[in-house]
Each structure stands twice: as C-alpha cells, then as structure tokens.
Amino acid sequence: MSDKQALLDEKSKLIADMLEMQKQFIDYEHENGMGGKDYYYSQEGLLKDYREKYNDMAVRLVDVSHELVGSSRWM
C-alpha cells in the first residue's frame, strides 16, 4: 500500500469515526438534554474527554488532508 493510500484510508476512518461521535452526541443530547456544564466539565460517560478526542481527530484530519495535497496548515 502506498503512503498516499494509507493517508486516504486514515482520512476515511477519521471522517467515519467523527461522524459516529457526532451521532452519539446528538442521541445523547436528545435523550438527556445538555447544559454547558455537562459539555465542558462532565467526568463520566460519553462526554468525558469528548471535546478533546474530537478536536484531536479534527486536527489530525486537517494534517492528513494537507499531506495529501502537499501543503501546510501553517502557511
């Protein structure tokens, strides 16, 4: 498998995982309601570390996308 194919596979997996996280978040919100305190400070369940995990995945997705086209997000 080429490096480009590996990056494309990683990008596809990141997108699929992020979409699944969004679906779970929406389902949780509909079932339980949610306030700012829950979103920012929850220490259990789905919301524990949600923002950090999602952000890490989003940053990696941007990096992979830049690698694929030969650019840099720092330009």
task = Please lay out, stage by stage, how Gln24 and Tyr50 fare under the test side chain to side chain contact (heavy atoms under 4.5 Å, CB included).
result = CA-CA 11 Å; Gln24 291 174 359; Tyr50 178 89; over 6 Å; no
key: Side-chain (Asn32) to main-chain (Tyr28) donor-acceptor, under 3.5 angstrom   = yes
remark   = To the nearest 0.5 Å, atom CG of Leu14 lies from atom CG of Leu61 at 5.5 Å
ask   = Thinking salt bridges, do Glu67 and Lys4 make one under a 4.0 Å N-O criterion?
value = no
request  = Flag the pair Asp27 and Lys23 as a salt bridge only when some basic side-chain nitrogen lies within less than 4.0 angstrom of an acidic carboxylate oxygen.
outcome  = yes
message = Check Lys13 with Asp9, please: is the shortest side-chain N to carboxylate O separation under 4.0 Å?
response = no
message = Membership question, hydrophobic clusters at under 4.5 Å side-chain separation (ILVMFWY): are Met34 and Leu46 in the same one?
response = yes
task = Answer with yes or no whether the side chains of Tyr54 and Gln22 bring together a donor and an acceptor at under 3.5 Å.
result = yes
query = Quick one: do Ile26 and Met57 end up in the same hydrophobic cluster if we chain Ile, Leu, Val, Met, Phe, Trp and Tyr together by side-chain heavy atoms under 4.5 Å apart?
reply = no
inquiry  = Would you say Val69 ends up clustered with Leu8 if hydrophobic residues are merged whenever their side chains have heavy atoms under 4.5 Å apart, either directly or through other cluster members?
reply    = no
inquiry  = Let me confirm one number: the CZ-CZ distance from Arg51 to Phe25, rounded to the nearest 0.5 Å.
reply    = 10.0 Å
request  = Could you pull out the closest heavy-atom pair between Leu47 and Asp38, with the gap in Å?
outcome  = CD1-O, 3.5 Å
message = Between Ile15 and Met21, is there shared hydrophobic-cluster membership here, with clusters defined by ILVMFWY side-chain heavy atoms closer than 4.5 Å?
response = yes
